[in-house]
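Working notes, structure below.
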Amino acid sequence: MNKTYLLLGGNTGDRAKNLEKARQYISTQIGTITRSSACYETAAWGNTLQPGFLNQVVVVDTHLDAPTLMNTILLIEKKMGRIRTIKNAPRNIDIDILFFNRDTVNLSNLVIPHPEIQNRRFVLTPLNELSPGLVHPLLKKTVHQLLINCSDVLDVKKF
């Protein structure tokens with residue numbers, strides 16, 4: 001059994017309903033969601049001229065390996081109507097793999113841990129809610145330490 005941390009997010013349509021639908025797909029196609037953070041609202045990161053995001057971290061037990069997990073996530077996003085255009089474009093759903101066990105993966109289409117975790121308060125805040133003592137396998141710092149030292153100034157508030 002593999003343990004993965006996924007970040008769910010979106011900023012178009014009914015954001016809360018889209019996160020709920022994503023959790024349902026995850027439960028039926030990926031594995032058991034064992035824990036979920038609260039939902040957090042934040043301004044858009046990167047391309048800031050768009051609506052704010054709703055984000056949530058879920059912990060999932062899965063039998064899938066990391067590449068299969070990534071492919072399944074892409075299928076879920078597609079089923080939910082996500083159309084990929086430009087980087088950081090508005091979207092109804094985005095599902096990112098943050099951690100997969102304590103593994104590191106470096107493939108052309110998949111990097112684990114997610115390379116931007118330490119730079120994004122909207123990731124670290126819900127992650128810290130669930131697992132403040134989780135150690136980043138490359139940076140060798142806990143999620144809580146990463147949050148304290150995060151330079152991202154975007155406000156992240158419970159929804």
Side-chain angles (χ1 to χ4, degrees), residues 1-11 15-48 50-70 72-74 76-77 87-88 91-107 110-159:
M1 184 67 67
N2 297 303
K3 180 178 183 177
T4 188
Y5 286 77
L6 304 178
L7 175 72
L8 316 179
N11 69 336
R15 300 173 305 165
K17 191 173 208 76
N18 289 339
L19 294 186
E20 179 183 337
K21 190 173 183 180
R23 289 190 307 269
Q24 290 171 352
Y25 276 122
I26 289 166
S27 293
T28 60
Q29 297 180 25
I30 293 175
T32 303
I33 296 175
T34 59
R35 294 188 298 147
S36 301
S37 74
C39 292
Y40 290 86
E41 189 168 30
T42 188
W45 191 92
N47 176 5
T48 58
Q50 59 181 309
F53 276 78
L54 202 57
N55 292 290
Q56 179 180 40
V57 170
V58 295
V59 182
V60 183
D61 286 341
T62 182
H63 290 290
L64 303 178
D65 61 25
T68 306
L69 172 61
M70 185 73 240
T72 305
I73 285 170
L74 293 173
I76 291 170
E77 289 178 342
K87 185 173 175 68
N88 295 324
R91 52 208 174 268
N92 67 321
I93 192 65
D94 186 31
I95 304 171
D96 290 333
I97 303 170
L98 301 177
F99 295 108
F100 189 85
N101 300 318
R102 298 197 186 287
D103 299 355
T104 57
V105 177
N106 198 351
L107 303 171
L110 178 61
V111 177
I112 301 173
H114 191 290
E116 294 294 327
I117 290 171
Q118 67 277 6
N119 300 319
R120 297 178 176 173
R121 189 168 300 281
F122 68 86
V123 173
L124 290 168
T125 300
L127 193 54
N128 187 64
E129 176 188 327
L130 296 177
S131 298
L134 179 65
V135 176
H136 190 293
L138 297 175
L139 301 176
K140 307 298 185 204
K141 293 183 179 178
T142 66
V143 167
H144 186 70
Q145 289 170 320
L146 294 173
L147 178 58
I148 289 170
N149 295 314
C150 183
S151 60
D152 179 5
V153 296
L154 289 180
D155 188 34
V156 178
K157 58 186 177 198
K158 278 192 180 177
F159 182 69

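For Gly133 against Thr142, the heavy-atom pair with the smallest separation is O-CG2, 3.7 Å. Minimum heavy-atom separation, Gln56 to Ser37: NE2-O, 2.8 Å. Shortest non-hydrogen contact noted between Cys39 and Leu19 is SG-CD1, 3.9 Å. Nearest heavy-atom pair across Arg121 and Leu147 is NH1-CD1, 3.4 Å. For Asp152 against Leu154, the heavy-atom pair with the smallest separation is OD1-N, 2.9 Å. Heavy-atom minimum distance, Ser27 versus Ile33: OG-CD1, 3.6 Å.
Taken to the nearest 0.5 Å, the CD1 atom of Ile97 stands 4.0 Å off from the CD1 atom of Ile73. The line from CD of Glu116 to CG of Leu7 is 12.5 Å long, rounded to the nearest 0.5 Å. One finds the CG atom of Leu6 at 10.0 Å from the OG atom of Ser36 (value rounded to the nearest 0.5 Å). Here the CD1 atom belonging to Ile76 is positioned 11.5 Å from the CD atom belonging to Gln24, to the nearest 0.5 angstrom. Taking CG from Leu64 and CG from Asn2, the interatomic distance works out to 8.0 Å, rounded to the nearest 0.5 Å. Atom CG of residue Asn11 and atom CD1 of residue Ile93 lie 10.5 Å apart, to the nearest 0.5 angstrom.
Within a 6.0 Å radius of CZ in Arg35, other residues, nucleotides and ligands contribute more than 12 heavy atoms.
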Start with the C-alpha distance between Val123 and His114, add both sets of side-chain angles, then the distance that settles side-chain contact (heavy atoms from CB on, under 4.5 Å), and finish with yes or no.
CA-CA 10 Å; Val123 173; His114 191 290; over 6 Å; no

Before giving the answer on side-chain contact (heavy atoms from CB on, under 4.5 Å), spell out for Leu124 and Arg120 the whole-Å C-alpha distance, their side-chain angles and the decisive distance to 0.1 Å.
CA-CA 6 Å; Leu124 290 168; Arg120 297 178 176 173; over 6 Å; no

Given the rule in the salt bridge (charged side-chain N to carboxylate O under 4.0 Å, His left out) test, do Glu41 and Arg15 qualify, once you have shown the distances and angles that lead to the verdict?
CA-CA 10 Å; Glu41 189 168 30; Arg15 300 173 305 165; 2.7 Å; yes

Kindly indicate, with the supporting measurements, whether the criterion side-chain contact (heavy atoms from CB on, under 4.5 Å) is fulfilled by Glu77 and Asp94.
CA-CA 7 Å; Glu77 289 178 342; Asp94 186 31; 3.5 Å; yes

Please walk me through it: do Leu8 and Ile26 pass side-chain contact (heavy atoms from CB on, under 4.5 Å)?
CA-CA 10 Å; Leu8 316 179; Ile26 289 166; 3.6 Å; yes

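For the side chain to side chain contact (heavy atoms under 4.5 Å, CB included) with Lys3, the qualifying choice from Asn101, Thr34, Val60 is Asn101, the only one to do so. Each of Val135, Asn128, Leu134 was compared with Ser131 under the side chain to side chain contact (heavy atoms under 4.5 Å, CB included) criterion, and only Leu134 meets it.
Remark: the backbone N or O of Ala38 is paired with a side-chain donor or acceptor of Glu129 at under 3.5 angstrom. Put simply, the side chain of Thr62 gets close to the backbone of Ile30: a donor and an acceptor are under 3.5 Å apart.
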